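Just below is one structure, and these are the notes that go with it.
Atoms within each ligand, like the ligands themselves, are counted from 1 in listed order. Everything numeric here is computed off the predicted structure, so don't read it as measured data.
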Amino acid sequence: MLDKRHVPVVLALILIVIVVSGCSQQKASVDKAAVTIPAGEKDPAIWGKAYPLQYESLMKTAEGGQGKSKYKGSDPIDKLSEYPFQLVLLDGWGFGVEFNEPRGHVLMLKDQLKIDPSRRKAGGVCLSCKTPYAPELKNQMGLNYFKEPYDVVHAKIPAKHSELGLSCIDCHDEKTMELKISRWSLNDALKSMGKDPTTLTHQEKRSLVCAQCHVTYSIKKDKDMKSVDLFYPWAKSKWGNITVEDIEAVIKSDPANYEWKNNVTGMKLGHIRHPEFELYSNGSTHWSAGVACADCHMPYERVGSSKISSHHVQSPLKTDMKACTQCHNQSPEWLRDRVIYIQDRTNNLMTRAGNAAAQAAKAIELANKTPNIDQNLLAQAKQLYEKAYYRVGFISAENSMGFHNPEEALRVLGDGLYYAEQSEKKSREALLKAGFTPPEKFDLELAKYNKRGTKGLTLKPELVKESTFDGEK
Ligand code: HEC
Ligand code: HEC
Ligand code: HEC
Ligand code: HEC
């Protein structure tokens, strides 16, 4: 199984040789030498003159559809109605107003411009993973890049590219075509955990180009809650072992990392976003076997007589597990079943832990309002809630529904469930001590938190009750 892994690499090398020597039959590769990509060129269409196959492939990321994916796919499905407990957990800022499943790369900036404006409130900093102009804007504007309102910084992008999403220059060097890290924030983060960003192997870069954006990040705030920095909270971690505990410790190390206030609990909190790289690289079976993000999301594909790395980055379930069968001898059906098996279990525990955290939040809300409450017990309930919040957030924001690292996903969720239940217990104890008998189960009052009203959020009440293991979403 393992030696098959090298076949595509060898084929790619052969392809590069053919491309460079200019003797390919493909219209794609002939004029490569004739087209020089200008330094700093952001327009993928210009790169596409030299590499039309990769360009056309990238443009396909505009396509929607769920294909054979059960939980993911490429439509902007509303996560708040999929997981209504999030309405309680996220009440108080943009995520609680609109929060969608991700879709294709060329749509990233368009989608950000379309989303509820409360999601862009942090300012220019929000553009960091949405436009190839971000590194340049940050260099030009310095602190103001983070601080200034989103619209002000967005207006500095040339009009013709005001909706341009991911581009070649985000991952490639325009002269050598080598993979390249373009985001300062990833270089800083690697250094913060003692990994030298100048000596990365090619296979590491096949994951790290993705880790520029598919990671959690924190936005530091000044005393007026204006954004002043963007960083990945890895300073207490080691390469290959970034844990939710280490991330939590970094967030807690500085009050400036507390980005928002939850209305239900009245607590200031940090936040964990899409930690695909962190979950995956934390000792998963595939990571330990040396498999990169690009192996599963950019498999080799034949276009005419050429073979390219698919730049139509998407769920491997949508291409009938072709990425997996580069290495695995099993049938696509068997492989898909394994993915769904893992995902159903993750989804089950995530829904349980999420609902438990929402119960804990409502218990704190009530305790906050109750006179003569034991402040010590309430403080303990809040500390436990914060732990639960980061753990539920870690796995619910991660985009593989556990597949990237099944064991670790279940461990984190198990801890999240435990902390949520302990938190609720402390609040109940405090309420009883203050002479108030809390209800057996708190009403989550979901309708109250649905801020979009007519924008079409439909709650699925069956998800609110504890999910039993029957797999259905
Ligand atoms: C998200 C990062 C990313 C973006 C954006 C991206 N590429 Fe790539 N590209 C890769 C990776 C990863 C490989 C595989 C490199 C390897 O293993 O040698 C690759 C490979 C290539 C290759 C080598 C041949 C092949 O297909 O493997 C070419 C040429 C190429 N890309 C051109 C482009 C062009 C042109 C664009 C823009 C239209 C682009 N790429 C955008 C990540 C990216
Ligand atoms: C510059 C930031 C950036 C880089 C680099 C990047 N991504 Fe993404 N990716 C995003 C954003 C943002 C979205 C969501 C876009 C949306 O929903 O509009 C996304 C979406 C996706 C999706 C979902 C696609 C779908 O159809 O639902 C996958 C899969 C993905 N990225 C994988 C990767 C992989 C693998 C790499 C590296 C080869 C990578 N990304 C590099 C920012 C990035
Ligand atoms: C061993 C194969 C494999 C590797 C390696 C891998 N992924 Fe995935 N990834 C998957 C599968 C399977 C899914 C679940 C897709 C689904 O449910 O449709 C997924 C889902 C995703 C999604 C959500 C896709 C969607 O449709 O919304 C993103 C984003 C993503 N992966 C990014 C990454 C990044 C970044 C890396 C590297 C840090 C990575 N993946 C490594 C197999 C892999
Ligand atoms: C680049 C090669 C490669 C790719 C691509 C790849 N795998 Fe694997 N996979 C491995 C290796 C190596 C192992 C380790 C076990 C072994 O050697 O059998 C493994 C193990 C597994 C296991 C067993 C996990 C465990 O914890 O024991 C499953 C399930 C699996 N892969 C599914 C998939 C699926 C689904 C995809 C596509 C989304 C995929 N793999 C893509 C190389 C790969």
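Residue contact check for ligand 3: G73 places a non-hydrogen atom closer than 4.0 Å to it. For Q343, the closest heavy-atom approach to ligand 3 falls below 4.0 Å. Heavy atoms of F277 approach ligand 3 to within less than 4.0 angstrom. Residue contacts with ligand 3 do not include M401, since none of its heavy atoms lies under 4.0 Å from the ligand. Distances from ligand 3 to the non-hydrogen atoms of S281 include no value under 4.0 Å. At least one heavy atom of L58 sits closer than 4.0 Å to an atom of ligand 1. Taking 4.0 Å as the cut-off, S57 does not count as a neighbour of ligand 1 on heavy-atom distance. Using a 4.0 angstrom heavy-atom cutoff, K205 does not count as in contact with ligand 1.
Polar contact check, Y300 against ligand 1: no nitrogen or oxygen pair lies under 3.5 Å apart. Geometrically, ligand 1 and Y55 share no nitrogen or oxygen pair separated by less than 3.5 Å. Checked against a 3.5 angstrom limit, the closest N/O atoms of H311 and ligand 1 fall inside it.
For atom 35 (C) of ligand 3, the closest non-hydrogen atom of the protein is H214 CB, 3.6 Å. With respect to atom 25 (C) of ligand 3, the closest heavy atom belonging to the protein is K72 CB, 3.6 Å.
With a 4.0 Å heavy-atom cut-off, ligand 3 is reached by no atom of Q314. Neither the backbone nor the side chain of C324 has any atom closer than 4.0 Å to an atom of ligand 3 (non-hydrogen atoms only). Here H328 has side-chain heavy atoms under 4.0 Å from ligand 4, and that is the only part of it that gets that close. By the criterion of a heavy-atom distance under 4.0 Å, neither the backbone nor the side chain of L53 is placed next to ligand 1.
Of all atoms in ligand 3, listed by their number and element, those nearer than 4.0 Å to a heavy atom of H286 are 1 (C). Heavy-atom contacts of P102 reach the following atoms of ligand 3: 27 (O) (cutoff under 4.0 Å). Shown in contact with S69 at under 4.0 Å from a heavy atom are these atoms of ligand 3, numbered in order with element: 16 (C), 17 (O), 18 (O).
A donor-acceptor pair shorter than 3.5 Å can be found between the side chains of Y150 and Q112. Y83 and N355 form no side-chain donor-acceptor contact under 3.5 Å, judged by distance and modelled atom types alone. Between the side chains of S128 and K138, no donor-acceptor pair is found at a separation under 3.5 Å.
Listing protein N, O or S atoms at distances below 2.8 Å from atom 8 (Fe) of ligand 3, with waters left out, gives H297 NE2, H404 NE2.
Atom NE2 is the N, O or S atom of H172 at the shortest distance from atom 8 (Fe) of ligand 1.
By the 30° and 60° cut-offs, the orientation of the rings of H274 relative to Y217 is tilted.
R338 forms a cation-pi arrangement with W334, by the criterion of a distance under 6.0 Å to the ring centre and an angle within 45° of the ring axis.
C327 lies apart from atom 8 (Fe) of ligand 4 in this respect, since none of its N, O or S atoms is found at a distance under 2.8 Å.
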